[in-house]
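Below: the structure, in structure tokens.
When reading the values below, keep in mind they use all heavy atoms of this one structure, side chains included, and skip hydrogens, waters and symmetry mates. Here is the naming used below: chain letters follow the sequence lines, and residue numbers restart at 1 for every chain. Remember, it's a predicted structure, so these values are computed and weren't measured experimentally.
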Amino acid sequence: MTTDSEPVIYTEGLTKRFGAFTAVRGISFAVERGEIFGFLGANGAGKTTAMRMLCGLSRPTAGIARVAGYDVARQPEQVKRCIGYMSQRFSLYGDLTVRENLKLYGGIYGMSRTHIRQKTAHVLQELRLDHEADKLVGDLPLGWKQKLAFSVAIFHEPQVVFLDEPTGGVDPLTRRRFWELIYGAAERGITVFVTTHYMDEAEYCDRVSIMVDGEIRALDTPRRLRQQFDAAGMDEVFRKLVRVRQAGA
Amino acid sequence: MKTFLSFIHKEFRHILRDRRTMLILLGMPIAQILLFGFAISTEVKNSRVAVLDPSADVATRRIVERLDASAYFEVAHRVDCMEQVDELFRRGEIALAVVFSPYFASELQHTGEARLQLIADGTEPNQAQMVAGYAAQVVQQALPRGERQGVTACVRYLFNPQAKSAFNFVPGVMGMILLLICAMMTSVSIVREKELGSMEVLLASPMPPLGIVLAKAVPYFVLSGVNLATILLLSRYVLGVPVQGSLALLSGISLLYILLSLSLGLLISNVVRSQMAAVLVSGMGLIMPTIILSGLMFPIESMPEVLQYLSGIVPARWYISAVRKVMIEGVEMFHVWREICVLAGMTVVLLTTSIVTFNKRL
């Protein structure tokens, strides 16, 4: 178990190679408890691969990664018990009702029946989905589905929740509402690790890392990154970093 | 365990909620059994008969007259030798040939025994059995009561010497339905999770990967059991085909075959990425060879030699053969030893391969 002083996510020289191709080159960083950590990078920069290693879905080729105090290579089962995961592709079952989806994930994480019932009532109230509880998830609008998927990912109160491009395909206002849920979770002490394409989302994070070609090129609070790169917004920071790479290539 | 149960629960929900698919899965065996059992068996009416009567005596003449007079038969040809009988069958001119022994009546008079042969076209086993059965009845009725016992009608099925019975399709339907449900539906349902993206989420949960797959197999396992029972009950009470051999042995063999089909389904789901591909691979790669090569439609004995060897790799061939022996012929385990060994061997190989490839995917 982690103590409060120990970082919830800690990596050192974390590397993943697929044959001759190196997807992640020795990245090292730490994420503190309750932090909202933005994990940015262009497509193919290695974000997803890094995230899969942290979730225990993929074994690192080299380096160390500890999540919630457990080594991802040696104790993937313990890691999985302490994390929640929401994928960019939709992860709820459209042919099950809202209630059934919640019950399923509660069951998968070994929650007791009463605990599931209490949590379900709480989540439905929080999302104002009381009247839709017995509707099929497939019939809900996308924005609601995403909020529900997030609630499912943190249903078992994990220490860390990994969000892989959680808000694809919705407008900024709906994204903003989604982020209110993220703040709520972080306040309860859940660490949020989020990848995104949207730079307005990057501004919402406590700290942001930007990956280019399998390496972390920048890591700091959004404000300091803007100062460092002399940029007006995260948008510009990102473009400057990626341009450096293209000029070098 | 609780994790596992809640997952199985979810799988049942998926199936139960998709009413149309479930109806198809449950209704298909019923439709097939009834279709094969009734629609294909045709009534016997004015079937054309050839008579080879070297004896030409009182008794044979009476039998031929009775045949011709009955509503079932029409004596269309009188021939002089077996070659002509063959020729008529090949041209499809006749459904039955009646061949009397020489000196039929005198044999019957002196020894009290006489023989005649009924030859039917075995390419349509249902029809052939009925035709031969009716003919034997007419022959019996044509004879005086005292002589009936002495006349043996020996039935031969041309082109299908084993006289594969009309009920051979029951094992065939079992072989196909179980394969369809276990292999095809299981692979589709696993691949659907990949397509949806929910597989990633499940893999990131504490649920062991093999547990996910196992939980997916459970409902289809149950469904296969229901189908198996439906088929056996229908064939027993509607078609009148009881299980001659041991029900336990039959269930055991079926269980083995179900396991084999599930491994096939798992293997397919490891290889393909979309539901469409899963349907295509299991349809073209499993169902088609099963229909054509397993002996379900065409007797293996009458296939070209190359195809006979090829049929050896079709699992359903061994299953159907074993079920035929146990269910129709009622043999002991000893006689289906070879089939059981082949099926068990295939299961071990497929299960190992699919588990190895499954783990590699992660």
Side-chain angles (χ1 to χ4, degrees), chain A residues 48 51-59 67 70 72 75-97 99-113 115-116 136-138 149-150 152-153 155-156 158 160-165 168, chain B residues 1-25 185 188-216 218-220 223 270 273-275 356-362:
Chain A
T48 306
M51 190 156 170
R52 285 177 58 89
M53 284 192 282
L54 294 177
C55 293
L57 289 175
S58 167
R59 279 181 74 89
V67 172
Y70 297 108
V72 295
Q75 301 160 296
E77 300 315 314
Q78 280 89 332
V79 168
K80 286 177 184 178
R81 233 174 278 279
C82 302
I83 62 167
Y85 178 81
M86 177 181 166
S87 118
Q88 57 183 329
R89 282 195 294 168
F90 197 55
S91 53
L92 299 175
Y93 295 98
D95 57 345
L96 299 185
T97 66
R99 203 187 293 281
E100 285 163 354
N101 267 292
L102 289 168
K103 200 173 149 197
L104 167 68
Y105 283 98
I108 286 180
Y109 284 92
M111 290 162 64
S112 75
R113 205 171 290 184
H115 193 189
I116 291 177
L136 297 184
V137 164
F150 178 72
V152 164
F155 197 64
H156 59 291
V160 194
V161 62
F162 290 90
L163 309 175
D164 190 5
E165 290 172 18
Chain B
M1 195 58 207
K2 222 180 109 198
T3 307
F4 191 61
L5 284 180
S6 61
F7 201 78
I8 291 178
H9 197 65
K10 158 209 172 247
E11 290 305 323
F12 271 111
R13 280 233 174 84
H14 283 317
I15 295 172
L16 294 177
R17 208 145 282 176
D18 191 355
R19 288 262 157 75
R20 216 175 313 160
T21 310
M22 195 182 64
L23 268 180
I24 292 174
L25 290 183
M185 296 311 292
V188 166
S189 116
I190 294 174
V191 174
R192 181 166 52 213
E193 301 263 0
K194 282 200 219 172
E195 253 183 17
L196 265 174
S198 46
M199 192 53 114
E200 285 273 303
V201 178
L202 294 176
L203 290 175
S205 81
M207 185 129 171
L210 217 51
I212 298 172
V213 175
L214 219 58
K216 286 208 151 286
V218 169
Y220 293 107
L223 207 57
N270 289 341
R273 280 175 182 279
S274 71
Q275 292 181 65
V356 167
T357 50
F358 181 78
N359 285 334
K360 231 181 237 165
R361 288 263 141 200
L362 302 181

The side chain to side chain donor-acceptor pair (under 3.5 Å) partners of B/R17 (sequence neighbours excluded) come to A/E100
Going from NZ on B/K10 to CG on A/N101, what distance comes out if it is rounded to the nearest 0.5 angstrom?
9.5 Å
Could you tell me which portion of A/F162 (side chain, backbone, both or neither) has an atom closer than 4.5 angstrom to a non-hydrogen atom of chain B?
neither
Sort out for me which of B/P208, B/G197, B/P206, B/G211 touches chain A most, counting heavy-atom pairs under 4.5 Å.
B/P206
Should we count NZ of A/K103 as having more than 12 external heavy atoms under 6.0 Å?
no
Let me know if B/L202 has heavy atoms under 4.5 Å from chain A in its side chain, its backbone, both or neither.
side chain
In short, B/A204 meets A/Y109 closest at the heavy-atom pair O-OH, 3.9 Å
With distance as the sole test, does A/K80 use its side chain to make a donor-acceptor pair with the main-chain N or O of B/L203 at under 3.5 Å?
yes
I want to check something: taking the side chain as every heavy atom from C-beta on, are B/R13 and A/D95 in contact at a cut-off of under 4.5 Å?
no
So, using salt bridge (charged side-chain N to carboxylate O under 4.0 Å, His left out) as the criterion, who are the partners of B/K216 when residues are at least two apart?
B/E11, B/E193
For A/L104 and B/S6 the tightest heavy-atom approach is CD1-O, 3.6 Å
